[in-house]
Each structure stands twice: as C-alpha cells, then as structure tokens.
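Residue numbers count from 1 along this sequence.
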Amino acid sequence: MKKFLGGLFCLLTLFFVFSPVLVSEAASSEQVTINVYNWGEYISDGTDGNLDVNAEFTKRTGIKVNYTTFQSNEALFAKMQSGGTKYDVIIPSDYMVSKMIEKNMLKKLNFSKIPNFDLIDEGFKNQEYDKKNEYSVPYTWGTVGIFYNKKFINKSPNEIDWDILWDEKYKENILMFDNPRDAFAIAQFKLGLSINSNDEKDWEKSAQELKRQKPLVQSYVMDQIFDKMGNEEAFLAPYYSGDAAALLKRNKNLGFVIPKNGTNKFIDAMCIPANSQYPDEAMQYINFMCDPEIAVENISVIGYSSPQSIVKNKLPKEISENEIFYPSDEILKSAGCFVNLDENINTLIDDLWIEVKTGERGNPIGLVLVLLGFLLVYLFVIFRKNKKI
C-alpha cells in the first residue's frame with residue numbers, strides 16, 4: 001500500500017509540477033514573461049468587450065504574462081510547495097498569506113517600485129496576516145453569502161441564514177464549498193463557534209455538523225457553481241459576494257444574501273514568491289493592477305470590492321451603493337477574518353475534512369480519492385480552457 005501511495009503521489013506531483021507552460025524558461029533574453037497565478041474568474045480578460053488587463057499590461061510595458069488559475073488556497077499552497085513551477089505573482093487569501101510568510105515562501109516587496117500602494121485605504125494595510133505590510137498588496141475583498149433560487153426557496157432574504165443549508169426539504173439541491181476552511185467556517189457560524197479557534201473540540205463539533213449535512217449535499221464545488229446555479233441544477237449554494245453580479249445577471253431567478261449570523265470577510269492579496277525569477281517585473285505588474293484606471297475596469301468586471309476608495313467612488317452606484325459588494329457596518333460587525341492557525345490545528349482540519357468527505361478519518365484510500373478528485377477537477381478546468389481557445 002505504501003509503495004502504491006508513494007507511486008501515486010509521485011505521479012500526481014509530476015503531473016501538477018510540469019503541467020503549466022513554463023514560458024519563463026523558454027523566453028528569450030529580449031522578452032520577459034512573468035507567470036501570474038490567480039483564482040478562476042478573477043480578472044478582466046477582454047470577454048464581452050471589456051478590457052483585457054494582461055494584454056494592456058504587455059502593451060504598456062512589453063512584459064508578457066503567462067496567466068494560469070487555481071481553485072482554492074490549499075491548491076495554491078500545494079503547487080507552491082512542490083517547487084516545480086516558478087511563479088512571479090500569486091494572489092492568496094489573508095490566512096494563506098501569513099502561512100506562506102511563516103514558511104519563507106514569499107519575497108519582501110520594495111514599495112518604492114509600487115507607488116500605487118499609497119492609494120490603498122489605510123483600513124486594508126497592516127492586517128493580521130501581514131502586520132508590517134512587507135509581503136502583500138491587497139487586490140480585492142469580499143464576504144461569503146448564500147445564492148438561492150427564488151423559484152424554489154419561498155423565503156425572504158431576512159429569513160435566510162446558514163441553517164438553510166441543512167434543511168432536508170432541499171436535499172440533493174444544496175451545493176457546498178469544496179475547500180475545508182470555507183466549509184468549516186459555515187458550520188462554525190451556524191454553531192456560534194470561532195472561525196479561528198485553537199480548540200480541537202470546536203473543530204470536531206464543526207466536522208460532525210458537516211457530516212450531518214453531507215447526505216443533503218448534491219456536490220462540493222468551487223467554480224462549478226456558475227454552471228450549476230446558473231442552469232438551475234441546484235437551489236442553494238454558499239459562495240463569494242463578488243460573484244453575485246455575474247450569477248444574478250445570468251439567471252434572474254437567483255438571489256444572494258449575506259447571513260446575519262456571521263460571515264467571513266476575506267482579503268485576497270498580491271504577493272511575489274521567494275523563488276520568483278522576475279521580481280522587479282512582478283512589482284511592475286502589482287503597481288499596474290493598483291492603477292485606479294485599471295482597477296476600475298477590473299473591479300467592474302469581476303464584481304469584487306476594491307480596497308481603494310478612489311476606485312469605489314468611480315464605480316456605478318448600482319455597485320458602490322449595493323450592500324452585496326459594500327456591506328453595511330452591521331453586517332461587517334458580525335464578519336470574521338481568517339488567520340493562520342497552529343500547525344496541529346491545520347493538520348486536524350485536513351484530517352477532519354477527509355473524514356467529512358470520505359467517512360474515513362486518516363484512511364489512505366480516502367486520501368487517494370480526494371487527490372484524484374482534485375486531479376479530475378484540474379483536468380476539467382484545463383479541458384474547458386482549451387475548448388474556449
């Protein structure tokens with residue numbers, strides 16, 4: 001069994017390490033190409049006539065961009081830890097930034113080369129995940145809420161909270177996050193527990209709640225939510241507020257609500273990996289993304305909230321005055337931000353997540369199945385990307 005698992009892990013590692021197009025190694029000395037690694041559906045790419053941000057960066061600087069995407073902070077971390085691919089700009093979330101700082105995976109930034117950092121609101125600087133603001137520049141922020149189909153959910157927004165994701169009436173029409181930190185947070189808000197608890201018993205309780213929910217869940221998803229909710233293949237799904245604009249526009253039957261019994265406020269930040277081949281060009285890219293002209297175009301398309309008031313004030317009022325994107329102080333008071341947890345808690349979370357999804361705690365076969373699941377999702381994303389080209 002150990003030999004089998006070892007061989008499988010090697011195979012998976014080789015697949016993930018060598019699958020990206022390593023343009024930086026093939027680039028000529030006259031043409032620099034930076035590798036940018038971001039979340040899916042998280043940049044203005046020229047679709048529907050909007051600005052192609054990466055193409056505009058190349059036009060202005062001559063620096064090419066090899067742009068690839070990931071679906072979760074954990075997938076990003078695993079890819080970075082493998083060390084096989086050298087990225088120049090990555091965009092992890094708050095708690096993952098601090099984890100990477102602790103593991104010396106990020107490079108300190110030279111802010112004299114990122115003058116647009118001065119345009120970031122003070123409330124988004126010196127956050128818990130990067131207290132001295134040495135390694136990161138905020139990209140966007142948002143909250144987590146619930147998408148619901150009004151044709152099938154006969155409730156007003158004020159009546160909807162996290163409990164609805166455990167309602168047996170909607171069995172097999174409920175989607176759930178396919179990453180442990182977000183999934184556990186929902187159970188923790190439901191139970192009134194801290195999302196940053198270092199008490200193992202709190203995580204055990206949350207795992208039990210997720211296991212109780214599992215028979216009701218149609219599937220665990222990330223970017224697949226766009227098709228499943230958009231095509232009315234499911235009635236309920238938790239997801240990020242920034243995706244509300246796109247989904248609500250796609251299907252008028254959908255609504256979005258931020259539960260009053262708690263939500264995660266997250267900040268995604270631009271960072272430079274310690275092994276970046278082109279850190280100076282990477283800082284140019286970060287500065288470019290903070291340019292208000294570019295940021296307005298980008299935010300208008302992706303729907304997430306800007307950490308720059310100058311950008312918010314230039315957005316249409318249907319965005320800047322919409323509580324989905326810029327929630328009230330009341331909602332934000334009940335919001336919590338993830339922080340990096342003790343290593344023993346992180347290990348426990350990983351074990352409990354496997355137990356939630358496979359029913360077997362610490363079962364190597366279960367772990368293999370989870371890894372194969374990640375592999376299939378990765379292949380699906382690549383297939384869709386190639387199909388669009």
Side-chain angles (χ1 to χ4, degrees), residues 38-53 56 91 93 116 119-121 123-124 138-161 164 223 225-232 234-260 262-268 289-335:
N38 195 3
W39 295 79
E41 311 285 344
Y42 211 26
I43 198 168
S44 178
D45 60 3
T47 305
D48 298 328
N50 53 57
L51 179 69
D52 186 330
V53 168
E56 183 66 18
I91 306 181
S93 300
N116 286 330
L119 301 176
I120 301 292
D121 292 353
F124 289 93
Y139 177 61
T140 65
W141 67 277
T143 56
V144 175
I146 300 172
F147 285 100
Y148 64 101
N149 192 308
K150 291 176 280 190
K151 283 169 55 177
F152 307 104
I153 309 298
N154 188 24
K155 290 178 180 287
S156 70
N158 289 331
E159 296 176 297
I160 296 175
D161 61 21
I164 199 170
D223 286 347
I225 185 178
F226 292 97
D227 288 336
K228 284 186 171 291
M229 288 300 291
N231 297 335
E232 299 190 345
F235 304 163
L236 290 159
Y239 217 62
Y240 311 116
S241 58
D243 294 293
L247 264 176
L248 299 185
K249 182 179 179 181
R250 175 173 173 177
N251 189 325
K252 302 299 183 183
N253 293 322
L254 299 181
F256 182 82
V257 62
I258 302 172
K260 288 185 171 57
T263 185
N264 168 223
K265 176 187 173 184
F266 59 85
I267 300 173
D268 293 336
M289 296 301 292
C290 293
D291 182 311
E293 174 194 352
I294 300 302
V296 167
E297 293 282 349
N298 195 39
I299 290 291
S300 297
V301 171
I302 66 175
Y304 284 81
S305 307
S306 173
Q308 300 180 52
S309 292
I310 189 173
V311 172
K312 175 187 174 183
N313 294 335
K314 290 183 177 181
L315 295 171
K317 287 187 177 181
E318 56 265 29
I319 297 177
S320 64
E321 297 181 1
N322 190 323
E323 287 202 349
I324 290 176
F325 310 111
Y326 294 93
S328 66
D329 290 341
E330 179 188 0
I331 289 176
L332 291 178
K333 281 180 183 177
S334 68

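- When the side chain to side chain contact (heavy atoms under 4.5 Å, CB included) test is applied to D48, the partners found at least two apart in sequence or on another chain are N50.
- Not counting sequence neighbours, D52 has no partner by the side-chain hydrogen bond (donor to acceptor under 3.5 Å, both in side chains) test.
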Throw together a table of side-chain donor-acceptor distances under 3.5 angstrom for residues 289-302, partners on residues two or more places apart or in other chains.
{"unit_1": "D291", "atom_1": "OD1", "unit_2": "E293", "atom_2": "N", "d": "2.8"}
{"unit_1": "E293", "atom_1": "OE1", "unit_2": "R60", "atom_2": "NH2", "d": "3.3"}
{"unit_1": "E293", "atom_1": "OE2", "unit_2": "R60", "atom_2": "NH2", "d": "3.2"}
{"unit_1": "N298", "atom_1": "OD1", "unit_2": "S44", "atom_2": "N", "d": "2.9"}
{"unit_1": "N298", "atom_1": "ND2", "unit_2": "Y139", "atom_2": "OH", "d": "2.9"}
{"unit_1": "S300", "atom_1": "OG", "unit_2": "V296", "atom_2": "O", "d": "2.6"}

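- Residues satisfying the side-chain hydrogen bond (donor to acceptor under 3.5 Å, both in side chains) criterion with E318, sequence neighbours excluded, are absent altogether.
- A distance-only check finds a donor-acceptor pair linking the side chain of W39 to the backbone of I91 [under 3.5 Å].
- Judged as a salt bridge (Lys or Arg N to Asp or Glu O under 4.0 Å), the pairs with a partner in residues 236-256 (not counting sequence neighbours) are, in order, D227-R250.
- Atoms CD1 and OG1, on I258 and T263 in that order, are 6.0 Å from each other to the nearest 0.5 Å.
- The neighbour count for E159 CD, taken as heavy atoms of other residues, nucleotides or ligands under 6.0 Å away, is above 12.
- Between I267 and P307, the closest side-chain pair of non-hydrogen atoms is not below 4.5 Å.
- For the pairing with F266, the ring pair (Phe, Tyr, Trp, His ring centres under 6.0 Å) check across F124, W141, Y240, Y239 returns one residue only, Y240.
- With sequence neighbours excluded, no residue satisfies ring-ring contact (aromatic ring centres under 6.0 Å, His included) with F325.
- With values rounded to the nearest 0.5 angstrom, Q308 atom CD is found 4.5 Å from S306 atom OG.
- Taking every heavy atom of both residues into account, A237 and I225 meet most closely at CB-CD1, 3.6 Å.
- Among residues two or more places apart in sequence or in another chain, the side-chain hydrogen bond (donor to acceptor under 3.5 Å, both in side chains) test is passed with Y326 by none.
- A donor and an acceptor atom, one from each side chain of D268 and Y42, are located under 3.5 Å apart.
- In this structure, S305 OG and K265 NZ are separated by 9.5 Å, a value rounded to the nearest 0.5 Å.
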Output side-chain donor-acceptor pairs under 3.5 Å for residues 142-155, partner residues at least two apart or in another chain, one line each.
{"unit_1": "N149", "atom_1": "OD1", "unit_2": "K151", "atom_2": "N", "d": "2.9"}
{"unit_1": "N149", "atom_1": "ND2", "unit_2": "E232", "atom_2": "OE2", "d": "3.2"}
{"unit_1": "K151", "atom_1": "NZ", "unit_2": "E232", "atom_2": "OE1", "d": "3.0"}

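- N158 and S156 are not linked by any side-chain donor-acceptor pair at a separation below 3.5 angstrom, with hydrogens and angles left out of the test.
- When every heavy atom of N251 is checked against every heavy atom of M229, the shortest pair comes out as ND2-O, 4.0 Å.
- Every residue meeting the side-chain hydrogen bond (donor to acceptor under 3.5 Å, both in side chains) condition with K228, not counting sequence neighbours, appears here in chain and number order: Q218.
- For K317, the side chain to side chain contact (heavy atoms under 4.5 Å, CB included) criterion is met by S320, E321, not counting sequence neighbours.
- Across all their heavy atoms, P259 and V257 have their closest contact at CD-O, 3.4 Å.
- Taking both residues in full, the closest heavy atoms of G230 and L247 are given as N-CD2, 4.0 Å, listed atom of the first, atom of the second, then distance.
- Taking 4.5 Å as the limit, some side-chain heavy atom of L248 sits within range of a side-chain heavy atom of I324.
- Between L332 atom CG and E323 atom CD the span is 9.0 Å, to the nearest 0.5 Å.
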